[in-house]
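One structure below.
Each chain gets a letter, A, B and so on, in the order its sequence line appears, and its residues count up from 1. Side-chain atoms are counted along with the backbone in the values below, which use heavy atoms only and exclude waters and symmetry mates.
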2 protein chains.
Amino acid sequence: MPERVSQATRERIAVAVTATGYTLNQAARSLRRQRAGTIVMAMPNAGNPYYSTILDAVLAEAGHRGYGVLVSNRVQGDPTIWLRDYFLSSRADGLLLFDITLDVSGMRRFMEERGNLPIVVVCDEIIEPGFNLVTSDNREATGRAVQHLVDLGHQHIGLVAGPTIHDYPNERTLGFRQALARHGLAMREDWIIAGDHSIGSGYQAGSQFVALDERPSAVVCANDEMALGFISSVQQAGLHCPRDVSVVGFDDIDMAQYVSPALTTMRQKRAELATISTSALIDIVEGVRDPAKPVRIILRCDLIARASTAPPKGAAVRPAREFRF
Amino acid sequence: MPERVSQATRERIAVAVTATGYTLNQAARSLRRQRAGTIVMAMPNAGNPYYSTILDAVLAEAGHRGYGVLVSNRVQGDPTIWLRDYFLSSRADGLLLFDITLDVSGMRRFMEERGNLPIVVVCDEIIEPGFNLVTSDNREATGRAVQHLVDLGHQHIGLVAGPTIHDYPNERTLGFRQALARHGLAMREDWIIAGDHSIGSGYQAGSQFVALDERPSAVVCANDEMALGFISSVQQAGLHCPRDVSVVGFDDIDMAQYVSPALTTMRQKRAELATISTSALIDIVEGVRDPAKPVRIILRCDLIARASTAPPKGAAVRPAREFRF
DNA sequence: ATGAAAGCGCTAACAT
DNA sequence: ATGTTAGCGCTTTCAT
């Protein structure tokens with residue numbers, strides 16, 4: 001209540017502040033209030049440009065609410081170790097966990113021990129109950145990506161899949177399989193190529209694709225970076241996109257519209273995802289939100305149709321076996 | 001000196017630690033030691049994927065040395081405000097200042113007041129004495145980019161320049177101008193197109209290029225993102241790269257080798273820049289380094305020749321004026 | 001409406 | 001080799 005301070009006192013303070021250049025000591029404040037005023041943003045690899053937009057939005061929202069953002073890459077291995085380190089040390093008040101292939105059972109055990117921790121899982125495809133979650137409709141969106149290809153006339157559709165470290169099914173892969181079944185299309189395991197979301201793995205997937213005896217006429221890639229690598233690879237092998245193969249990506253990274261052919265993709269609202277999750281996390285930290293009701297926000301993706309998809313020129317082709325590759 | 005603790009005591013401690021799940025309270029430690037154990041990485045816009053690799057390397061090096069990394073976007077305006085906030089509040093011990101178009105005189109004033117602050121300027125093109133600096137040989141490297149085009153036979157070379165917020169000359173633009181002079185090439189001001197390092201601005205520069213009455217046969221772009229946008233733009237306008245225009249980028253972002261045509265570019269050793277600067281900053285923070293001798297490390301860039309540059313098909317062409325654009 | 005005092009959890013200095 | 005103590009700068013509570 002600023003009204004409770006008299007005008008005169010406020011004057012005196014203001015003068016003293018500017019005169020001495022006083023600034024609050026955050027360490028002392030944190031110690032006394034048992035609150036760091038900081039959240040951690042943890043991701044598998046900060047080197048992925050996918051996170052640029054997200055980081056930007058997290059920074060903005062956290063800053064807006066007076067929180068600092070500590071960024072961390074080290075979220076492999078036993079979660080109890082780093083969870084302990086972040087929370088018990090009062091280094092941070094909350095954790096934004098991005099796309100982590102986490103040891104869910106380990107997390108659960110730790111959280112049962114220590115009571116509910118302010119953690120929000122973001123952009124993850126693993127929809128486990130009990131965790132606060134802000135993500136996209138990955139499964140359904142991948143279904144719509146397939147739908148888009150089917151609408152164009154494709155009957156033979158492959159997948160460049162993302163990493164599948166754990167047993168539980170990857171949502172995008174699941175969505176792909178279900179969509180194929182729904183459309184009564186053949187599901188060929190050799191048309192599902194494994195990747196790890198990096199451009200390089202997309203490029204490799206392209207080589208595998210080119211070497212296939214029979215090739216699908218379209219491919220869904222689990223993210224844009226792999227799609228870009230894939231297209232680059234098949235183009236270098238002498239194939240043309242979309243004439244020889246249509247490609248759909250996922251995410252709509254900034255680059256997607258500036259490559260050629262411009263990439264058809266399912267747009268994830270990354271900035272929104274970041275803002276919502278950050279805001280929710282801080283609500284939890286500040287006790288505004290009822291901890292009994294986990295956050296559970298799933299945003300819809302939008303199909304952005306660009307030039308990398310087109311009707312197929314025919315059925316799956318038996319390739320002439322002499323690629324310069 | 002771990003030897004000074006008896007085996008028995010060490011046992012007792014270890015047992016107690018695991019039993020109680022004790023973790024050091026960082027806030028208390030920071031308060032007592034007057035040191036945060038944290039550095040700030042400040043950049044103009046975290047949304048730029050250029051920083052992904054850098055962030056990754058900074059995180060690795062800082063973590064290695066036991067420091068947390070606070071990321072910040074808010075470095076516009078009066079530097080005294082945010083400098084005060086970071087340092088006087090003991091929120092952070094040091095500052096990594098990336099590519100900031102900063103108010104140098106304001107910085108100077110503040111640093112004179114407060115004594116030498118642990119700040120390392122990184123990746124900046126502004127080479128001001130007195131600051132700790134880790135950067136690339138921007139001017140010289142841009143000269144080599146021009147050299148590469150000249151070697152291919154180009155006589156008419158344009159520039160898509162980066163942002164020039166301040167009065168002092170941009171190093172890359174300067175390198176370009178000097179190189180042109182050195183080779184005795186004409187310097188046409190309408191062949192210098194302004195950009196802001198974003199893909200979008202490169203795309204716009206492409207439109208301007210296409211609309212030119214007389215066009216250069218090659219263009220140097222001040223960064224890769226603009227180069228990608230530029231190529232995308234001119235290709236959509238019906239021109240071919242490198243047949244109609246050769247393009248050199250700057251940075252060698254991950255994407256550069258996977259676009260088509262693969263981008264010729266001057267590679268900045270971004271990870272190295274990040275590791276070196278982080279390490280130097282922590283040295284300064286810890287008093288290992290003599291503050292009287294500012295750090296001054298300038299790395300050489302490497303020309304990565306790819307498919308976006310080729311010999312010109314002829315002299316600067318007078319375009320037929322009917323682009324579908 | 002303002003002042004005084006206790007204490008958050010650590011570390012460094014000093015005492016044993 | 002181990003134990004004790006003061007105090008970092010803030011916030012909160014209690015007293016004026």
| request: Consider the side chain of A:Q34, meaning its heavy atoms from C-beta on, and name the nucleotide among D:dT11, D:dG9, C:dC8 that approaches it most closely. | output: C:dC8
| task | To the nearest 10°, let me know how far the axis at one end of the helix from C:dA1-D:dT16 to C:dT16-D:dA1 is tilted from the axis at the other, five pairs an end. | result | 40°
| request: Tell me yes or no: between the side chains of B:Q268 and B:S136, is some donor less than 3.5 Å from an acceptor? | output: yes
| message | If the threshold is 4.0 Å, N to carboxylate O, is there a salt bridge linking A:E286 and A:R65? | response | yes
| request: Give the rounded distance in Å between these two atoms: CZ of A:R33 and C1' of D:dG9. | output: 14 Å
| task | Starting at atom CZ of B:R32, determine the distance to atom P of D:dA6, rounded to an integer number of angstrom. | result | 13 Å
| request: Would you please say whether a donor-acceptor pair under 3.5 Å links the side chains of B:D196 and B:S198? | output: yes
| task | Would you mind telling me which of D:dT11, C:dT11, C:dC8 lies closest to the side-chain atoms of A:L31? | result | C:dC8
| Those residues that, when tested against B:R109, pass side chain to side chain contact (heavy atoms under 4.5 Å, CB included) (two or more places apart) | B:S105
| field | Closest nucleotide among C:dT11, D:dT11, C:dG9 to the B:N25 side chain | value | C:dG9
| field | Heavy-atom check, side chain of A:L95 versus side chain of A:L117, under 4.5 Å | value | no
| query | To the side chain of B:L24, which of D:dT11, C:dC10, D:dC8 is closest? | reply | C:dC10
| Given A:D252, which of A:R267, A:K269, A:R270 fulfils the salt bridge (charged side-chain N to carboxylate O under 4.0 Å, His left out) condition? | A:R267
| task | Look at the side chain of A:A28 and decide which nucleotide, out of D:dG9, C:dC10, D:dT11, has an atom nearest to it. | result | D:dG9
